[in-house]
Every structure is written in C-alpha cells, then in structure tokens.
Engineer: 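The following block contains the structure, expressed as structure tokens.
Atoms within a ligand are numbered from 1 in the order they appear, just like the ligands themselves. The first residue in the sequence is number 1, and the count goes up from there. Source: prediction; values computed, not measured.
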Amino acid sequence: MTTHYSDFRSDTVTRPTDKMRRAMAEAVVGDDVLGDDPTVLELERRAAETMGKEAALFCPSGTMANAIAVKMWTSALEEVIVEERSHIYNMESTHMTFISGVTPRPVRSDRGAMDPKDVAAAVRKPNVHTPQTTLICLENTHNNWGGAVIPLENFQAIRKIADENGLKVHLDGARIFNASVASGVPVNEYAREVDSLQFCLSKGLSAPVGSLLAANRERIEFGRRLRKALGGGMRQVGVLAAPGLIALTEMVDRLKDDHIRAKTLARGISGLPGIKIDPGTVETDILIFGFDHPSISVAAMLERMKAKGILALAVSGGIRMVTHKDVGDEDVDRAIKAFRDILLP
Ligand SMILES: Cc1ncc(COP(=O)(O)O)c(C=O)c1O
C-alpha cells in the first residue's frame, strides 16, 4: 500500500521550509492593526520596493488582496474588464458583485493575453443605461491557461488603452515571480504598467500564508481600512510575515527548477493514449491537459493514479498538475511511470 503521495494538485500544497518554521518561532512581533509589528512592516517595505510601488499591504490571501484592489479602484454602477478564464472572475466566489457591487465584463484571449482591440471594444462609453467601465484586471502567469506567461508588450498595449480611457489596471500576479523567472522580465517592469498588483507568498514560494497588495501610498492606506472591514486585520502576524520574507527573498530563484520539471513531465506523458498535451505550451509550473480515453474517465484515471501514489486534479475535460518545491525529479519520474503503466497496453 502507498503511504507517500507525490502531490501534483497545486503549488499551494507546498510546506514551509525548516528555515521558515524557525523564522516563525523567532519572529519579532507587535500588534499589526495598531501598525507596530516590525516583521510585517519589513515585509510590506520589501514587497513595495521589489515591485517599484510606494506601499504594500499584507493580506491573508490572494482572494482578499484582489477583492480589496477591486473595491479600492471602483464604485457602485461600474464595470471591470476581466479575461474570461481569469481566477478573479471564475474562482473568487463573486467578490466583484458581492463586495464591490460592480459587474465583470469577460473578454476572450489568446492563452490569457487579451487582444488590446478587444479590450478597447469592451470599454463602455458613459451612458445612462449601462455600467461605466473603470478597471481592467490582468493575470500573470495565467492559472487557467496552464501557467501561460503574458508578454510585457501585452501589458504595455493594454496600459495605453487604459490611459486613453481613464481606466485603472490591476494585476492578479499570484504567480508573477513564475512569469518573471520564465520570461526574464523583472517583476517591477510588469508592475510599472499597472496601478496595483497582488502576489502570493503561499504558492510556489512556499510560505504557509499570505499575499501582498502593492500600489500608491494613498490607495494602500485606504486598502488597509478595507482589509479591516473585511475582517483581515491581524494582530501578532509577524509570525506569518517572517516566512513570507524568506519566500520573497530566498525562494524565487528555485522556481526555474519547477518549470524544468513541468516540461519534463509534459514531454514524458505526451503521446500516451488519451493524453492531449503540446509540451511546447508548458511555460512555467502548471500543466493543464485534455484527457479523452475510450475506457477510462478523468475521475477513474485520477483514482488509478492515486492508487499509484500520484495526486492530480480534475479540470473541465482534463487534468491539472503543478510542480513545486515538494515534488522533485523522482516524483516526476514516478508520475510518468504511473501514466505509462495505466495507459500503455
Ligand atoms: C491566479 C490566482 N489568483 C488568485 C488566487 C487566490 O489566492 P488565495 O488562494 O490565496 O486566495 C489564486 C489561487 O490559486 C490564483 O491561482
């Protein structure tokens, strides 16, 4: 019977490193709601500096950071342009309508990169009948497009449209460091093209909790009030900021290993019966591929892989696997072997 699973469900399953756990135990803390937790202040300062923004706000989750961003840039009766498969639109429990009272306007894309012409066409002109467009949301890397990297030129073109129409731009950069490592574009160059961005410490960077929202000082101070209103004001939270600081300063470079492993996995399973994947499309840590087999359903396939010690997730019509710190070369070999054992006669 298998006791150890190779867990490819997500990069959110990463466990904190020993150094992170020690940093948690030793963190100097204060009451962050009163503004005097030195470890949180240091994390927020480093995050703002890294992104080239005036200020940053430590949030419990990426979802809360995105929700605060939408709320801080919009008012009632307004509309937000989103990519149609984006996380903020599909997977954050409707906070745009629930919290901000704005409507999302989904736009199609080519692997997560919206055509600037389509974005321009989706901007509504002021009219008594319609919501007013005020914000555009981008996502990089793009989760539901299999970790696709959105090119910097696409950011620049969309920034231009935003400026022409007086709109703000927010980036869901949950995995912006994956984008940067894969493309060679520094994170602050993506950040320069947007008014705000959030990034997650708790995905490939392996911290247990936390996301940073970065923007100008005035909006971040307003965001701090919104965070409190949403129940996200935390007290001696330096214990969580301490591993976050290690994530931000020491865990970025290793993301390239995750990207190499994701490509190895894609090459290892492409061409097997039922699997539809073009390894050339795998750019970062996420693989999303179609699975269409005459006698094995996606659910049955996942069960059979689990019996062989491999965990993956079902997505519409296929399977999602993500590489991260806690799956190494031996886990990738094990996964490829499991696929072959199940699918080859
Ligand atoms: C692209 C993207 N944005 C935002 C989030 C939300 O982050 P959290 O799970 O911390 O709320 C996720 C989570 O997977 C994500 O993949």
Side-chain angles (χ1 to χ4, degrees), residues 7-16 43 47 56-71 80 82-96 98-100 104 106 109 111-114 135-150 155 169-180 182 187 190-191 194 196-214 223 226-227 230-232 234 237 240-241 243-244 247-248 255 258 262 283-288 312-315 320-325:
D7 193 346
F8 290 91
R9 289 172 302 166
S10 175
D11 48 8
T12 58
V13 304
T14 45
R15 305 247 159 61
L43 176 62
L57 179 70
F58 187 42
C59 297
S61 68
T63 301
M64 190 186 282
N66 280 336
I68 292 171
V70 173
K71 186 76 181 163
V80 179
V82 294
E83 193 279 333
E84 68 173 357
R85 288 198 198 178
S86 61
H87 198 277
I88 204 166
Y89 174 48
N90 294 285
M91 301 176 83
E92 297 185 8
S93 306
T94 71
H95 64 68
M96 282 197 191
F98 176 57
I99 294 172
S100 295
S109 75
R111 288 183 51 74
M114 294 181 282
L135 179 65
I136 303 171
C137 289
L138 306 178
E139 182 175 322
N140 202 15
T141 63
H142 200 299
N143 184 344
N144 286 334
W145 281 100
V149 178
I150 310 304
F155 273 63
V169 183
H170 170 67
L171 168 63
D172 176 356
R175 296 182 183 79
I176 192 63
F177 288 101
N178 293 85
S180 173
V187 284
Y190 293 114
V194 300
S196 61
L197 78 157
Q198 78 85 11
F199 65 93
C200 294
L201 302 166
S202 59
K203 304 204 159 58
L205 301 183
S206 307
V209 174
S211 294
L212 274 302
L213 175 63
L226 292 172
R227 186 187 67 176
L230 295 172
M234 302 174 285
V237 72
L240 296 180
L248 182 58
L255 293 175
D258 300 342
E283 296 177 78
T284 56
D285 58 339
I286 303 176
L287 285 76
I288 294 180
L313 281 184
V315 291
R320 176 180 194 264
M321 298 178 77
V322 188
T323 53
H324 52 78
K325 172 179 75 58

Engineer: Consider side-chain contact (heavy atoms from CB on, under 4.5 Å). Of Asn140, Asp172, Leu248, Leu213, which one does Phe199 pass it with?
Structural biologist: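 Among the candidates, only Leu248 passes.
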Engineer: Check side-chain hydrogen bond (donor to acceptor under 3.5 Å, both in side chains) between Arg85 and all other residues, then give those that pass, not counting sequence neighbours.
Structural biologist: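 Here no residue qualifies.
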Engineer: side-chain contact (heavy atoms from CB on, under 4.5 Å), that's the test. Do Leu43 and Leu201 meet it? Break it down for me.
Structural biologist: CA-CA 11 Å; Leu43 176 62; Leu201 302 166; 4.0 Å; yes
Engineer: Determine, for Asp11 against Arg175, whether the closest basic-nitrogen to carboxylate-oxygen distance falls under 4.0 angstrom.
Structural biologist: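 Counted as a salt bridge, because a side-chain N and a carboxylate O are separated by less than 4.0 Å.
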Engineer: Look at atom CZ of Arg111 and say whether more than 12 heavy atoms of other residues, nucleotides or ligands are closer to it than 6.0 Å.
Structural biologist: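 Result for CZ/Arg111: enclosed.
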Engineer: What does the list of residues with a heavy atom under 4.0 Å from ligand 1 look like, ordered by chain and number?
Structural biologist: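 These residues qualify: Ser61, Gly62, Thr63, Asn66, His87, Glu92, Glu139, Asn143, Asp172, Ala174, Arg175, Gln198, Lys203.
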Engineer: Name the one of Leu255, Thr14, Leu205 that satisfies side-chain contact (heavy atoms from CB on, under 4.5 Å) with Lys325?
Structural biologist: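 The option that passes is Thr14.
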